[in-house]
Chemist: 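The structure is given below, and queries will be raised subsequently.
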Amino acid sequence: MFPLRRNRRLRTNEAIRELVRETVISPNDFIVPIFIVEGKGIKEEIDSMPNYYRFSLDLLETEIKSLWKLGLKSVLLFVKVPDHLKDNKGTEALNSDGLMQRAIKTVKNICPDMLVMTDVALDPYSSYGHDGIIEKGKIENDVTVKILAEMSISHASAGANFVAPSDMMDGRILAIRKALDHHHLIDTGIMSYSAKYASAFYGPFRDALDSAPTAIKNVPKDKNTYQMDFANSKEAIRETIMDINEGADIVMVKPGLAYLDIVNNIKNNVNVPIAVYQVSGEYAMLKAAAEKGWLDHDAVMMEQITAIKRAGANLIASYFAKEVVILLNND
Ligand code: PBG
């Protein structure tokens, strides 16, 4: 018999499609990454990230106000550290007057209600571009964790609402939670990059911060000894559940689009909010294809963001955030 159920009925026109739509994007879905540099009057475009910029602190005001006006209420801060301040000890990361600490205060001054999240990892501060301290040819986990905990206290004391450890050292969430609590910073949350893969999609980000790992004797030029193997799935669940048990308020999967199976799997296994980071390489790929006229930029952007949310993301860190919201407003 010809089917009783004709599925096309629910696709007949925009009104019925909107009525049955499962995934809807709003400004509340987004965290906006912001790159900050030392200096004055700087708004420089990142070569491999067209239409994305590094800002000096004095030019943050216009940007932060325009985000807030669009309904984008949370930012994730990254700093580009001058070469002469980089070392193998994370010294500058703990400077209470460092660029990150000043950036947090600046954003809070401009817009006190803006949710400020900060990247906690040593790579922008490392002369080797690694997320940890190197001793005897190894990334030293436990030494690094101590510094990450101190760094978190420093960010929280400057006013950060959430610290976001992106380093993938073992045990750092517990160490950070304990350190924050010990300093009575009980309201500061932790968004853990729990399932962060060793990915070539981070290339443009490392250009933006000049933080690519360099080859040093006996230490590999990649991050494969701490970030996860992209061939693995079970490990993501293990990492995520451990981070939740250690006190993570929000967990994250990173990168986004190529890892939506992981997102969906985690969604079915945990009960805390899940963030997905649509990373720099994903942004660059679409910008490049659109520049060549090979893809419809806005249509593909919306499809990708919707796919990330459909897979199970409760929040999305994305370089497209502003463009998406502007597009939604114009519809
Ligand atoms: C630093 C960090 C990286 C990203 C976020 N935090 C780079 C890396 O781990 O090498 C990547 C973000 C992106 O590519 O957009 N630990």
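Keep in mind that this is a model prediction, so the values were computed, not measured. Atoms within a ligand are numbered from 1 in the order they appear, just like the ligands themselves. Position 1 is the first residue of the sequence, and the numbers go up from there.
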Chemist: For atom CG of Asn271, decide whether the heavy atoms of other residues, nucleotides or ligands shown that lie under 6.0 angstrom number more than 12.
Modeler: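 Not more than 12 within 6.0 Å, no.
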Chemist: Under a 4.0 Å heavy-atom limit, does Tyr277 contact ligand 1 with its side chain, its backbone, both, or neither?
Modeler: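 Tyr277 to ligand 1: side-chain contact only, backbone stays beyond 4.0 Å.
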Chemist: Does atom OH of Tyr197 have more than 12 heavy-atom neighbours from other groups under 6.0 Å away?
Modeler: yes
Chemist: Any side-chain heavy atom of Met49 sitting closer than 4.5 Å to one from Lys287?
Modeler: no
Chemist: Considering only heavy atoms, which of Phe205, Tyr52, Tyr193 lies nearest to atom 3 (C) of ligand 1?
Modeler: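 Shortest heavy-atom distance from atom 3 (C) of ligand 1: Phe205.
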Chemist: Does Asp167 approach ligand 1 within less than 4.0 angstrom via side chain, backbone, both or neither, non-hydrogen atoms only?
Modeler: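 Under 4.0 Å from ligand 1, Asp167 contributes no heavy atoms.
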Chemist: Looking only at protein heavy atoms, identify the closest one to atom 2 (C) of ligand 1 and say how far it is in Å.
Modeler: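 For atom 2 (C) of ligand 1, the nearest protein heavy atom is Lys196 NZ, 3.3 Å.
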Chemist: When you look at Asp249 and Arg177, which way does the side chain to side chain contact (heavy atoms under 4.5 Å, CB included) test go after all the steps?
Modeler: CA-CA 10 Å; Asp249 300 284; Arg177 187 67 269 160; 4.1 Å; yes
Chemist: Measure across Leu286 and Gln304 and return the closest heavy-atom pair with its distance rounded to 0.1 Å.
Modeler: CD2-OE1, 4.3 Å
Chemist: If you have a sec, work out which protein heavy atom is nearest atom 4 (C) of ligand 1 and how many Å separate them, to one decimal?
Modeler: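 Ranked first by proximity to atom 4 (C) of ligand 1 is Lys254 NZ, 2.6 Å.
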Chemist: Using a 4.0 Å cut-off to any heavy atom of Asp119, which atoms of ligand 1 qualify?
Modeler: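 Contacts of ligand 1 toward Asp119, numbered from 1: 1 (C), 6 (N).
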Chemist: Relative to the heavy atoms of Phe78, which atoms of ligand 1 are at a distance of less than 4.0 Å?
Modeler: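 With Phe78 as reference, the close atoms of ligand 1 come out as 5 (C), 6 (N).
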Chemist: Is the charged tip of Lys223 near the ring of Tyr226: under 6.0 Å from the six-membered ring centre and within 45° of its axis?
Modeler: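 Geometry flag: not set, cation outside 6.0 Å or 45°.
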Chemist: Between Asp119 and Ser166, do the side chains contain an N or O donor and an N or O acceptor separated by less than 3.5 Å?
Modeler: yes
Chemist: Which ligand 1 atoms does Ala121 reach within 4.0 Å, using its non-hydrogen atoms?
Modeler: 16 (N)
Chemist: Which atoms from ligand 1 have a heavy atom of Lys223 less than 4.0 Å away?
Modeler: 8 (C), 9 (O), 10 (O)
Chemist: Which heavy atom of Pro33 sits nearest to which heavy atom of Tyr52, and what is that distance?
Modeler: O-OH, 2.5 Å
Chemist: Starting from atom 14 (O) of ligand 1, locate the nearest protein heavy atom and write down its residue, its atom name and how far away it is, to 0.1 Å.
Modeler: Ser280 OG, 2.7 Å
Chemist: From the options Arg54, Lys80, Arg102, select the one residue that forms a side-chain hydrogen bond (donor to acceptor under 3.5 Å, both in side chains) with Glu38.
Modeler: Arg102
Chemist: With heavy atoms of Ser166 as the reference, note each atom of ligand 1 found under 4.0 Å away.
Modeler: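 Under 4.0 Å from Ser166, ligand 1 has these atoms: 1 (C), 2 (C), 6 (N), 16 (N).
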Chemist: What protein heavy atom sits nearest atom 15 (O) of ligand 1, and how far away is it?
Modeler: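 Here the closest protein heavy atom is Tyr319 OH, 2.6 Å.
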Chemist: To the nearest 0.1 Å, how far is atom 1 (C) of ligand 1 from its closest protein heavy atom, and which atom is that?
Modeler: Asp123 OD2, 2.9 Å
Chemist: Relative to each other, are the rings of Tyr277 and Phe78 parallel, tilted or perpendicular (30° and 60° limits)?
Modeler: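 Rings of Tyr277 and Phe78: tilted, 30 to 60°.
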Chemist: Distance under 4.0 Å to a non-hydrogen atom of Asp131: what atoms of ligand 1 satisfy this?
Modeler: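 Close to Asp131: 16 (N).
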Chemist: Pull out every atom of ligand 1 sitting under 4.0 Å from any heavy atom of Gln227, numbered as shown with elements.
Modeler: 8 (C), 9 (O)
